[in-house]
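These notes are about the structure you will find just below.
So you know, we letter chains A, B, ... as the sequences are listed, proteins then strands, and number each from 1.
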There are 2 protein chains.
Amino acid sequence: MVDLAAGTRERLLHAALELTREGGYAQASVAAIAAGAGVSNGALYRHWSSKGELFAELFRTVCSRELEALTAAGLPRAEATVVERVEAVLGTFAARALRNPRLAWALIAEPVDPLVEAERLAYRRTYRQHLAALLRKGIAVGELPEQDADLTAAALVGGVGEALVGPTSPVADTPPDADVIVAALQCFARRAVGAVPPATAR
Amino acid sequence: MVDLAAGTRERLLHAALELTREGGYAQASVAAIAAGAGVSNGALYRHWSSKGELFAELFRTVCSRELEALTAAGLPRAEATVVERVEAVLGTFAARALRNPRLAWALIAEPVDPLVEAERLAYRRTYRQHLAALLRKGIAVGELPEQDADLTAAALVGGVGEALVGPTSPVADTPPDADVIVAALQCFARRAVGAVPPATAR
DNA sequence: CAGCATCGTGAATCCCGATTCACCTGTCAA
DNA sequence: TTGACAGGTGAATCGGGATTCACGATGCTG
């Protein structure tokens, strides 16, 4: 289960991630993490000065990986419109979250340390800015109507988060059809950004 | 005497609310609440079996008052369209939250007891359902396009919350112009629900 | 091989706010 | 008058997880 070859540091991070994936931040006590890594409590403090520091690092890692995926999804492809790119970004976000509900919940909404909360907020801000930049481009190109891009971005991030986590937050084992949800969210987003339909689709 | 008891009870609730309004749930320790009400720690336990129970009641009270205001705002007025009613509801929500940022944060996003979290979720659900019902009406009337009303409602609640609380969460003393924000949010909402423009704006 | 540094151990300790409880007080009904 | 009870006191206690630390190991260097 645990890669014994990996260094203690890595094993601790891995155990922490695993526990979070399964039961959220709350489940991940120092004792549980240490046990999961096959070391003693004290070992953790050889590598981080507090539990919070460990999780701050973990969040940073996971979030940046996440952001990478989103950025890739939003890349300007062949003849993709801005709206399509926005949809791709949000769709990727949603799909990934739905695949790992607990983890998503921990990243998005679970109560955490102030130290960790700071990471979370930073990530959210980055994500918003990313989206806002995309929106501004769309506005400049005339593909989107004039609007407060930052506010729209914030509302989209929050909206997608809520729609995903709302049903997830407790222990929703309702395995809702991910594809359907993603599609509905994209549809919502398309309207929300004010995509002017090419005079055809409704 | 009953009146004396009610007095203390009210004073405790009031102190708890005041503390939350100022510094959020975290600030509101049992000791602080008791001190605020001018009684001892123990007194609290004559009226609630735990701190969580007190706050559950407090949340319930505050939230139901809030919901009342929203419901009133969303009432079918003279010749109001459904979209106008949705705007009124969201606008009221936003305006009230902006007037009391800390409290709004506590109600929407701050980490709290499981007991209190349950109240919060219940309230959110009610709010979503309220909105969803309104949306369904709009769809039925043909004022809004076909859509997953529940998802749209969830995304709107989350979006408005994020847009309001995102900047608020830390200690943002940025006194943003409330009217502007509210207007922008309403604009966002109008697009998001897919209000068919009266063939004029674009 | 001594000297030194890093890493690991895990039981003991610390922290800190919620909660308890033995003891008052005032009120009211019998 | 009395005694039962609702309400109040506040210092002591509890709980539970984070954190410490005295004591090895292991390994590298001169």
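- With B:Arg21 contributing its side chain and B:Arg102 its backbone, the two residues share no donor-acceptor pair below 3.5 Å.
- Using cut-offs of 30° and 60° on the angle between ring planes, the pair A:Phe93 and A:Tyr127 is tilted.
- Considering only the side chain of A:Asn41, D:dT19 comes nearest among D:dA11, D:dT19, D:dG8.
- Nucleic acid contact for A:Val30: base, since at least one base atom lies under 4.0 Å from a heavy atom of the residue.
- Across the protein-nucleic acid pair, B:Leu12 atom CG and D:dG8 atom C1' stand 11 Å apart, rounded to whole Å.
- Summarising the geometry, the separation between NZ on A:Lys51 and P on D:dG16 is reported as 15 Å, rounded to the nearest angstrom.
- Rounded to whole Å, atom C1' of D:dG8 lies 14 Å from atom CH2 of B:Trp48.
- Between C:dA18, C:dG10, D:dT9, one nucleotide has an atom nearer to the side chain of A:Ser40 than all others, and that is C:dG10.
- Of the candidates D:dT20, C:dC7, C:dA18, the closest approach to any side-chain atom of A:Tyr45 belongs to D:dT20.
- Aromatic ring centroids of B:Phe55 and B:Tyr25 lie under 6.0 Å apart.
- Taking atom CD1 on A:Ile33 and atom C1' on D:dG17, their separation rounds to 12 Å, with Å as the unit.
- Dashed line: the shortest gap from a side-chain N or O of A:His47 to OP1 or OP2 of C:dG8 is under 4.0 Å.
- As a whole-Å value, the separation of B:Leu115 CG from C:dA18 C1' is 14 Å.
- Here the side chain of B:Glu87 pairs no donor or acceptor atom with the backbone of B:Arg190 at under 3.5 angstrom.
- Taking atom CG of residue B:Asp113 and atom C1' of nucleotide C:dG17, one finds them 12 Å apart after rounding to whole Å.
- At D:dA18, none of the side-chain N or O atoms of A:Ser50 fall inside 4.0 Å of OP1 or OP2 (strictly under the cut-off).
- The CG-P distance, from A:Leu19 to D:dG17, rounds to 13 Å in whole Å.
- Here the shortest heavy-atom pairing between B:Ala94 and B:Leu185 reads CB-CD1, 4.0 Å.
- Counting only heavy atoms from C-beta on, B:Arg46 has its side chain closest to C:dA22 among C:dA22, C:dC7, C:dG10.
- Between the CZ atom of A:Arg9 and the C1' atom of C:dG8 there is a distance of 16 Å, given to the nearest Å.
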